[in-house]
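We count ligands from 1, going down the list as the structure has it; atoms in each ligand are counted the same way.
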Amino acid sequence: MIDDITSGPLYQNTISTLEAAGRVINLNRNVQERLKRPRRALIVSIPVKMDSGKVHVFTGYRVQHNQTLGPFKGGLRYHPHVDLSEVGALAALMTFKCSLLNLPLGGAKGGVQVDPNTLSKSELEALTRRFTSELGPFIGPDKDIPAPDVGTDSQTMAWMLDTFSLESGFSQTGVVTGKPVEIGGSQGRESATGLGVIYIAQRALETKQKKLSEATIAVQGFGKVGMHAAIEGYALGSRVVAVSDVSGALYNERGLKIPDLVRYVKENKVVKGFPEAQTISNEELLGLDVDILAPCALDGVINEKNCEKIKARVIVEGANGPTTAAANKYLSEKGCLVVPDILANGGGVVVSYFEWVQDLVWLFWNEEEVRAKLREVMFRSFDKVWDFSMKNNVDMRLSAMASSLKRLEKAMMLRGQAW
Ligand code: NAD
């Protein structure tokens, strides 16, 4: 039932924001009703012959929310807590993100309920190839283009590309993004989401007359998003005073040496035990007195229980849904600038779009071109959301959603999808 998808907490949170932003722009009721629900959802069984010889059947999902603006686009998550409603909410957020960033793409998301750390490489490959086969009729460069997310990476995309191409009879590099550059990936894709977080942080600080090079940053999560946010922030002269991952958090008032920490994590897998820092908890990291707090791990981490302890001047949401609606309201009223996920972590899908374009025309750009184009899109999108927010006296989350809805509404009306 579609209601099973829309009833989860993250989906309900998204619907509340959609309705509130809809009121700000007097959104057409029929457009609103259509956008509250996904277009279609697929649930598949994925049998995998494990190394032990036993067959384990995993459950996989793909939710396609809306394709008014172009092919469906969205990541694939491998995590034990993946469920249909969470995937649905993330699919809806992709629709709003792509619209806001002015990309010709719709929104989708997928996932498999699995802890990838418990599988061997060959089991992961078998899982990914079978999942791709099951998704086969619904994905493709003109239909739906997956990308990495939590628990998946460029290797996952390489297996997907290979399976889809084998079944099509010819190489279809445009079927996924976030793949290795050797097989049609884009320069700069790996760092794109983290770099986008930092470009947004820079613009947000400017509204407070502060420079990035004078700012302190705390980053929760040291994965694909958080690690690159820390690397880019450090490279641009900020003091990255704290980072964390599932093993705990590190703090150094003078600033962490991020290149050393990256080397340490490559060897030790986690940040725990890095010598040049003090150990703190993830909760303490969230409450640090910093200019920028970048939650880049999980959803719901800034909530009604801890929002009163948050001291950051700006929150840049690297993760999807890290701030609950109640916490967002409290913090925005207190003067903290909360830059919402659909804007703040949009760098990944922007460079995924660049990758897809490069694959379609078989012409590839260098990293400087990618970074310059990404910067332009992120700055332009921030300015659009900021201006709307100032003009209409609404917070950045409502402003981002309202700006996104305006474009979607126009497109849906023109296409005769709402009356
Ligand atoms: P990832 O799996 O590469 O990294 C996740 C990080 O969070 C890891 O360092 C992990 O140790 C840490 N973590 C897990 N549990 C934690 C906890 N309880 N406390 C602190 N840290 C914890 O995932 P990712 O791709 O970096 O994605 C992170 C978030 O960003 C997700 O919400 C994802 O949807 C979102 N996102 C990712 C991309 C992308 O391009 N990868 C793009 C947009 C949004």
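No hydrogens or angles considered: nothing links the side chains of Asn328 and Thr323 as a donor-acceptor pair under 3.5 Å.
Residue contacts with ligand 1: Gly223 is placed with a nitrogen or oxygen under 3.5 Å of a nitrogen or oxygen of the ligand (distance criterion only).
Phe382 does not carry Arg203 over the face of its six-membered ring by the limits of under 6.0 Å from the centre and within 45° of the normal.
Counting protein heavy atoms only, atom 13 (N) of ligand 1 is closest to Val246 N, 3.7 Å.
The nearest non-hydrogen atom to atom 21 (N) of ligand 1, considering only Thr193, Val150, Asp245, comes from Asp245.
Of the inter-residue distances, the one linking Thr193 atom OG1 with Met227 atom CE reads 12.0 Å to the nearest 0.5 angstrom.
Of all atoms in ligand 1, listed by their number and element, those nearer than 4.0 Å to a heavy atom of Val225 are 24 (P), 26 (O), 27 (O), 30 (O), 36 (N), 37 (C), 38 (C), 39 (C), 41 (N). The distance from ligand 1 to the heavy atoms of Asn282 drops below 4.0 Å at these ligand atoms: 19 (N), 20 (C). Close contacts of ligand 1 with Ala319, meaning ligand atoms under 4.0 Å from a residue heavy atom, involve 29 (C), 30 (O), 32 (O), 35 (C). Using a 4.0 Å cut-off to heavy atoms of Arg189, the atoms of ligand 1 that qualify are 40 (O).
No part of Val301 comes within 4.0 Å of ligand 1, judged by heavy-atom distances.
With respect to Tyr78, the side chain to side chain donor-acceptor pair (under 3.5 Å) criterion is satisfied by exactly one of Asn117, Thr128, Asp153: Thr128.
Residue contact annotation: Met227 has no non-hydrogen atom under 4.0 Å from ligand 1.
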